[in-house]
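Every value quoted in this text rests on a predicted model; they were computed, and no experiment measured them. Numbers for residues simply follow the sequence, beginning at 1. Note that ligands are numbered from 1 as they come in the structure, with each ligand's atoms numbered from 1 the same way.
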Amino acid sequence: MKEYEKKKSFNIGILKGDGIGPEIIDEAIKILKKIGKRFGHTFIFERGYLGGESIDKYGVPLSEDTIELCKNSDAVLLGAVGGPKWDNITPKNRPEMGLLQIRKAMGLYCNLRPAVLFETLKDSSPLKPEIIGNGLDIMVVRELTGGLYFGEKYRDNEKAYDVLSYSRKEIERITKKAFEIAKKRRGNLISVDKRNVLDTSKLWRDIVNEIGQRYTEVKVEHMYVDNAAMQLIINPKQFDVILTENTFGDILSDEASMLTGSIGMLPSASLGDGKASLYEPSHGSAPDIAGKGIANPIATILSAAMMLRYSFNLSKEADSIENAVKKVLEKGYRTCDLYKEGDLKVTTSEMGNLISKEI
Ligand code: IPM
Ligand code: MG
């Protein structure tokens with residue numbers, strides 16, 4: 001009996017979060033349930049709380065209970081956090097801090113953000129057809145638990161700082177992950193830094209070169225971050241894997257995602273060396289459209305597919321979700337972020353139902 005044919009049970013931690021988080025997570029759960037039925041797996045969902053919903057319930061953006069739940073799950077699926085309701089809370093307790101804390105607590109130093117342009121959505125890309133050619137497939141590998149986000153911080157009324165620091169160990173482990181990924185893709189890795197100015201970038205580049213010597217099958221190049229931002233627009237096809245530190249990765253992954261038409265399409269996976277990984281859409285909580293049933297659930301549904309592939313080794317099941325998304329888009333169904341005249345406009349849950357039907 002092949003691995004994927006074995007009936008198996010998986011515990012999935014669910015963090016719906018704020019804004020559109022609950023709506024899009026519900027659709028991803030719908031899809032996972034369908035996969036379970038169709039392929040004979042049991043998915044057990046257990047809910048934790050993160051961000052604003054956790055502030056409302058526990059007074060903090062991330063509770064010990066939720067950390068426990070996540071660490072003990074086989075994988076975690078997260079919606080999005082944040083919203084105007086919690087804007088006036090002290091910075092240390094804002095919803096976003098919950099997200100940073102859970103990444104740190106679970107040791108999720110490797111954030112994968114694939115930017116793939118679906119053939120059917122070519123017209124939605126802001127780039128000209130001659131620039132995108134027959135599609136884009138870029139994997140941003142973003143370091144997720146170091147750099148400015150987690151360095152020493154200080155602020156008074158006259159002065160403030162955030163320290164940017166990276167250790168050899170932190171750079172080595174993310175670099176190895178990026179090379180492993182590049183090896184399985186088109187064998188092209190572009191490491192993005194700011195070596196002309198930053199010492200952290202000097203260390204970063206040296207270590208990438210050192211590790212690169214062990215991966216002769218991967219071609220390594222280096223690019224300054226300002227140039228990379230420009231190259232993504234003028235020649236995105238040169239990119240296969242982009243490896244970069246936390247802040248640069250935050251910015252470049254948003255840029256890369258928009259090249260594919262809508263940030264509502266892009267999933268992400270956050271991996272570490274521990275048991276559980278975390279999967280979430282690359283977009284935010286979009287409080288302006290929350291509760292209206294118009295959010296695009298595809299990024300979250302594709303994040304669930306990444307979970308099946310990376311955490312549970314269920315690649316056939318992951319393919320089945322990705323193909324279902326493709327088919328529904330080919331039939332012309334669009335949520336309003338992608339809707340153009342002539343398309344079939346659908347709500348969040350209708351989109352989930354249509355994808356479920358194709359599985
Ligand atoms: C992201 C988000 C977060 C980040 C915010 C919400 C803290 O922008 O996941 O890209 O900066 O990492
Ligand atoms: Mg971001």
Side-chain angles (χ1 to χ4, degrees), residues 15-22 24-25 28 49-55 60-62 66 70 76-87 89-115 138-151 153 162-164 166 170 174 192 225 228-229 232 242-260 262-272 277-290 295-296 299-300 302-303 306-307:
L15 307 175
K16 294 190 176 187
D18 313 315
I20 58 171
I24 54 181
I25 287 286
Y49 298 86
L50 186 74
E53 58 164 6
S54 173
I55 295 173
V60 286
L62 175 65
T66 294
C70 292
V76 178
L77 187 64
L78 160 67
V81 296
K85 183 177 170 193
W86 306 280
D87 266 355
I89 293 178
T90 52
K92 273 198 186 116
N93 260 329
R94 281 178 63 98
E96 290 80 359
M97 284 312 290
L99 185 55
L100 301 188
Q101 286 161 5
I102 192 71
R103 288 171 179 169
K104 195 74 172 180
M106 293 173 73
L108 307 172
Y109 61 85
C110 175
N111 185 213
L112 306 182
R113 297 192 163 179
I138 301 171
M139 177 67 89
V140 179
V141 180
R142 169 190 179 195
E143 200 291 324
L144 203 60
T145 51
L148 286 175
Y149 280 62
F150 294 94
K153 289 174 184 294
D162 303 273
V163 174
L164 170 49
Y166 269 107
E170 285 173 317
I174 185 77
V192 172
V225 62
L232 272 170
I242 294 177
L243 162 64
T244 193
E245 63 89 50
N246 203 346
T247 309
F248 297 161
D250 178 43
I251 299 164
L252 293 181
S253 62
D254 267 24
E255 187 186 355
S257 76
M258 263 329 284
L259 305 182
T260 70
S262 168
I263 196 167
M265 294 295 298
L266 292 203
S268 89
S270 302
L271 318 172
S277 301
L278 183 145
Y279 300 83
E280 59 174 314
S282 286
H283 60 72
S285 59
D288 51 322
I289 60 162
N296 184 350
T300 316
L302 292 175
S303 300
M306 287 186 93
M307 172 188 287

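- When all heavy atoms of Asn93 and Ile55 are compared, the closest pair comes out as O-CD1, 3.2 Å.
- Taking distance alone, with nitrogen or oxygen atoms compared against 3.5 Å, Ser282 stays at or beyond that limit from ligand 1.
- Atoms of ligand 1 lying under 4.0 Å from at least one heavy atom of Arg142, given by number and element, are 1 (C), 4 (C), 9 (O), 10 (O), 11 (O), 12 (O).
- With a 4.0 Å heavy-atom cut-off, ligand 1 is reached by the side chain of Arg103 but not by its N, CA, C or O.
- Here the protein heavy atom with the shortest distance to atom 8 (O) of ligand 1 is Asp250 OD1, 3.3 Å.
- Shown here are the protein N/O/S atoms lying under 2.8 Å from the Mg ion (ligand 2), water excluded: Asp250 OD1.
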Residues Met306, Leu112; criterion side-chain contact (heavy atoms from CB on, under 4.5 Å); working and verdict = CA-CA 10 Å; Met306 287 186 93; Leu112 306 182; 4.3 Å; yes
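- No donor-acceptor pair closer than 3.5 Å links the side chain of Asp162 to the backbone N or O of Lys153.
- None of Ile242, Asn111, Ile174 except one satisfies the side chain to side chain contact (heavy atoms under 4.5 Å, CB included) rule with Val141; the exception is Ile174.
- A donor-acceptor pair under 3.5 Å links the side-chain atoms of Lys104 to the main chain of Thr145, judged by distance alone.
- When each of Asn246, Leu144, Leu164 is tested with Tyr149 by the rule side chain to side chain contact (heavy atoms under 4.5 Å, CB included), just one qualifies, namely Asn246.
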Between Asn296 and His283, does a side-chain contact (heavy atoms from CB on, under 4.5 Å) hold up when you go through it step by step?
-> CA-CA 10 Å; Asn296 184 350; His283 60 72; over 6 Å; no
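- In this structure, Met97 does not count as a contact residue of ligand 1, since none of its heavy atoms falls inside 4.0 Å of the ligand.
- Of all heavy-atom pairs spanning Ser282 and Ser268, the tightest one is OG-CB, 3.8 Å.
- When each of Ser253, Ser270, Ser257 is tested with Arg113 by the rule side-chain hydrogen bond (donor to acceptor under 3.5 Å, both in side chains), just one qualifies, namely Ser253.
- Of the heavy atoms in Arg113, only side-chain atoms (C-beta onward) come closer than 4.0 Å to ligand 1.
- The shortest N/O to N/O separation between Glu96 and ligand 1 does not fall below 3.5 Å.
- Heavy atoms of Glu280 come nearer than 4.0 angstrom to ligand 1 in no pair at all.
- Taking any N or O of Tyr149, backbone or side chain, at least one lies under 3.5 Å from an N or O belonging to ligand 1.
- Ser277 places no side-chain N or O within donor-acceptor distance of the main-chain N or O of Leu271, the cut-off being under 3.5 Å.
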